[in-house]
Amino acid sequence: MNTPRPIGILGGMGPEATVLMMQRIISFTPAARDQDHIQLLVDSNPQVPSRIDHLIRRTGPDPAPVLAGMAQQLEAMGARALVMPCNTAHFYAPAITAACGIPLISMIEAVPDAIKASGLPVRRVGILASPAVRMTGIYDAPARSRGLAPLYCADEDEVLDLIQTIKAEGVTDASRHRLVLLAAGLQAEGAECLVTACTEFSLLFDGLEADVPAFDALNETCRAVVGFAMQDLRTG
């Protein structure tokens, strides 16, 4: 019997986002019974060094060696591809893919792919993400190669504080309201669609109020995971 390809999750960044990714993969999988679902090999490691400390504050250790080691372990367990529930951690994607022989299903590719596939006549994309995403430019080349122009929040201190608040307090009405205000600021700057490109913000995506179309990076990545995992079943 053919079965979906196993997927390895480089998790713990953060723990709630890892669980949300698992839930979304399950919900997007066309399954009639347990055996139709995708085997998920999960390393939920909250001890991965802080991406914010390393990239923004320049005070913390490099997360790349830890992520590379996790990738190797997941490959050894049988994963056929990897995925990460953290946008900022995609800065370390080259180190991850160099350490193993399986692909990383990339958020920074899945999101612009989904925007273009939607057929929406948009160019300016408002990115709700950690300041590290803007600083490293990880979304810029994938977006521009598809004719999209990324816009980032002007108030980066508020963005970073909101991310840290969600990590500490979870989802609250106050955090939802703060994200809506950040989204409104991007719309005022000319964003024709929005992307929640921080997995803490993915926790709030269902309550995001906006006057323009919105995409969630975690959602689109999970759809790409399902497509990869089921590929042999669809073409075989």
Side-chain angles (χ1 to χ4, degrees), residues 13-14 16-28 83-90 105-134 137-156 158-163 165-167 170-227:
M13 306 172 284
E16 280 194 87
T18 303
V19 173
L20 180 61
M21 172 168 274
M22 296 173 68
Q23 290 174 333
R24 295 281 168 84
I25 291 171
I26 291 167
S27 68
F28 294 157
V83 67
M84 283 192 295
C86 177
N87 290 262
T88 305
H90 281 70
I105 298 172
S106 172
M107 279 187 170
I108 63 175
E109 299 286 343
V111 173
D113 278 347
I115 295 172
K116 294 306 292 182
S118 73
L120 292 168
V122 300
R123 181 175 178 275
R124 290 168 292 182
V125 179
I127 309 289
L128 292 156
S130 160
V133 168
R134 178 194 60 77
I138 55 174
Y139 266 102
D140 293 359
R144 289 172 180 151
S145 70
R146 294 160 178 83
L148 304 172
L151 303 174
Y152 297 94
C153 294
D155 191 348
E156 293 189 336
E158 167 63 6
V159 172
L160 193 55
D161 184 74
L162 178 55
I163 292 169
T165 297
I166 296 167
K167 285 182 180 291
V171 174
T172 65
D173 288 342
S175 61
R176 288 186 188 278
H177 179 66
R178 291 171 68 183
L179 185 61
V180 167
L181 292 178
L182 289 170
L186 283 171
Q187 292 173 77
E189 292 295 321
E192 297 164 305
C193 75
L194 298 171
V195 173
T196 44
C198 169
T199 47
E200 270 66 50
F201 294 164
S202 295
L203 296 167
L204 308 177
F205 180 73
D206 289 344
L208 181 62
E209 300 171 6
D211 297 325
V212 297
F215 296 79
D216 176 60
L218 187 142
N219 276 354
E220 303 309 332
T221 307
C222 290
R223 291 188 177 98
V225 165
V226 173

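The first residue in the sequence is number 1, and the count goes up from there. Values below: all heavy atoms of this structure, side chains included; hydrogens, waters and symmetry mates excluded.
Residue Leu203 is tested with Val19, Ile166, Leu179 for a side chain to side chain contact (heavy atoms under 4.5 Å, CB included); the sole match is Ile166.
Contact record, Pro112 with Tyr139: CD-CE2, 4.4 Å, taken as the closest heavy-atom pair. The nearest pair of heavy atoms linking Val159 to Pro131 is CG1-CD, 4.1 Å. Shortest non-hydrogen contact noted between Leu218 and Pro85 is CD1-CB, 4.4 Å. Nearest approach of Ile105 to His90, heavy atoms of both residues: O-NE2, 4.2 Å. Between Ala129 and Cys198, the shortest heavy-atom distance links the atoms CA-CB, 4.2 Å. Of all non-hydrogen atoms in Gly126 and Ala191, the two that sit nearest each other are N-CB, 3.7 Å.
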**Request:** For the pair Glu220 and Val195, evaluate side chain to side chain contact (heavy atoms under 4.5 Å, CB included) and give the outcome as yes or no after the intermediate values.
**Result:** CA-CA 10 Å; Glu220 303 309 332; Val195 173; over 6 Å; no

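Every residue meeting the side chain to side chain contact (heavy atoms under 4.5 Å, CB included) condition with Glu192, not counting sequence neighbours, appears here in chain and number order: Val122, Arg123, Arg124. Ser202 meets the side chain to side chain donor-acceptor pair (under 3.5 Å) test with Asp216; sequence neighbours excluded.
Judged purely by atom type and a 3.5 angstrom limit, Ser175 has no side-chain atom pairing as donor or acceptor with the backbone of Val171.
Atoms CZ and OG1, on Arg178 and Thr172 in that order, are 8.0 Å from each other to the nearest 0.5 Å. In this structure, Ile163 CD1 and Thr88 OG1 are separated by 6.5 Å, a value rounded to the nearest 0.5 Å.
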List the atom pairs, with distances to 0.1 Å, where a side-chain N or O of residues 147-155 and a protein N or O form a donor-acceptor pair under 3.5 Å, not counting sequence neighbours.
unit_1: Tyr152; atom_1: OH; unit_2: Asp140; atom_2: OD1; d: 2.5
unit_1: Asp155; atom_1: OD1; unit_2: Glu158; atom_2: N; d: 3.1

